[in-house]
Amino acid sequence: MIYMTDKELFNELSYKRKNVYENLSEQEYKEMFELCDEYREFLDEGKTERECVEKSIKMAELHGFKNINSVKQLKTGDKVYKINRNKNILLAVIGSEDIKNGVNLVGAHIDSPRLDLKQNPLYESNDMALLKTHYYGGIKKYQWTAIPLAMHGVIFTKEGKKVTLNIGENDPVFCVTDLLPHLAKDQMTKKMIDGIEGENLNILIGGMPVKSEDVSEKVKFAILKHLNEKYGITERDFLSAEIEIVPAFKAKNVGLDESFVGAYGQDDRVCAFTTLKGIFAVENPKKTALAILVDKEEIGSTGNTGMLSAFFEMTLAEILEKINGNCTITDYNTTIENSACLSSDVGAAVDPNYESVYEKRNAAFAGCGMVLMKYTGARGKSESSDASAEFVYEIGKILDDNGVIWQTSELGKVDQGGGGTIAQYVANLNMDVIDCGVPVLSMHAPFEVTAKSDVYMAYKSYVAFYNNR
Ligand code: MN
Ligand code: MN
């Protein structure tokens, strides 16, 4: 059919609005709910990039993956992983074809927006002890006040002992206080972006002064005493610490029908989790299957654990060398140019409360499947790698042939904003890449929402890609 009416476009011929739930068999329903139960556990155990890497290693080892550092040679069917600075991990299943025919890579990020402690965070004010923070990634600051928060991270003692902190997942928790409405006349008339200031995102950590000590800041002193007795840390140890303040609540089922998952950090741990499950489902692939989980996407993929670091290239070279005994620049280049990547990151699902920011012919709907995004970017596709027609066709066909329900979208109306992902940095390596992933509601909020059916379809997409490209 050459011409489609809007009704046909939306209801019949297009992938748009094909509700996944309506199209699942009983067996698939079961698989979907089981997958999402495991997904919620993954979210609860992985609230920082370090925790996600730790959890990924545990899961990978259960599936027969070995640390590549302990392996001298690689052959067909071998499963290995490589860790980068505890925040970034690459997994590989070696294929039966010559690796120079290219690899199939799926990449997701495991950092999420949050509040980081400053280097000199602890102070006392008005008989309370508080911690200064510097937010990480694109947050709406008002969303982070008056909710229970937890503290996760690492801190080194003066003697060099690494202490892992994970406080607040049960009791006690922490919080950022907000102004009572009775006294918020000035605050409430401000623009939303100025309503809460970054320097006011201070964490309440204590309020009980020491009785005996002759010190001026008795509450602060009591907190330091507690930290020292329990963890052996002193105030100066905060200087080198990486401590992340994240929502304290656990992942939940949302809706009477439990059709959604609500949780912190689903951007982009929903794609990280489904990518892991995807590569675990791959046995003896033709092309070598790779999965990379990166850090720092939310602040521009920078740093030595972000997608812009050489970690991916170095690890691919190491894999080539361990398969072939050496890795020439030509072999490496041939491998890269024949490779393909799914940059698996979340999309924006149409929010019934804010329909006007979406252009609904080109928007993703929660519950309507994995979303394929030819391009992202902002202000005229800036910062987008824009997948080629050839590659979009190739991936679309793989998804169709394997019963994946999918949809296409851009991030929102053309002039409304936009965003980027790791895709552009993968494309720079001279590899085909397209963005795809799970549509999310309330993206970057402390409690993000995804449809279970979309989580399931993302998983199926990655399995289809690994096994069929
Ligand atoms: Mn993301
Ligand atoms: Mn994001």
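Just so it is clear, the values below take in all heavy atoms, side chains as well, and ignore hydrogens, waters and symmetry mates. Just follow the structure's listing: the first ligand is 1, and inside any ligand the first atom is 1.
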Describe, in one word, how the ring planes of Tyr264 and Trp144 are oriented to each other, choosing from parallel (under 30°), tilted (30 to 60°) and perpendicular (over 60°). perpendicular

Within a 6.0 Å radius of atom NZ on Lys141, are there more than 12 heavy atoms belonging to other residues, nucleotides or ligands? yes

Using the side-chain hydrogen bond (donor to acceptor under 3.5 Å, both in side chains) rule, pick out the option among Glu242, Arg114, Glu169 that qualifies with His152. Glu169

Return yes if some donor-acceptor pair links the side-chain N/O of Thr450 with the main-chain N/O of Val440 below 3.5 Å, else return no. no

Report the name of the N/O/S atom of Asp267 located nearest to the Mn ion (ligand 1). OD1

With the Mn ion (ligand 1) as the point of reference, which N/O/S atom of Asp345 is the closest? OD1

Tell me, which N, O or S atom in His444 is closest to the Mn ion (ligand 2)? NE2

Around atom CG of Asn69, are there more than 12 heavy atoms from other residues, nucleotides or ligands closer than 6.0 Å? yes

What's the atom name of the N, O or S in Glu298 nearest to the Mn ion (ligand 2)? OE2

Suppose we only count N/O/S atoms under 2.8 Å; would His109 qualify as near the Mn ion (ligand 1)? yes

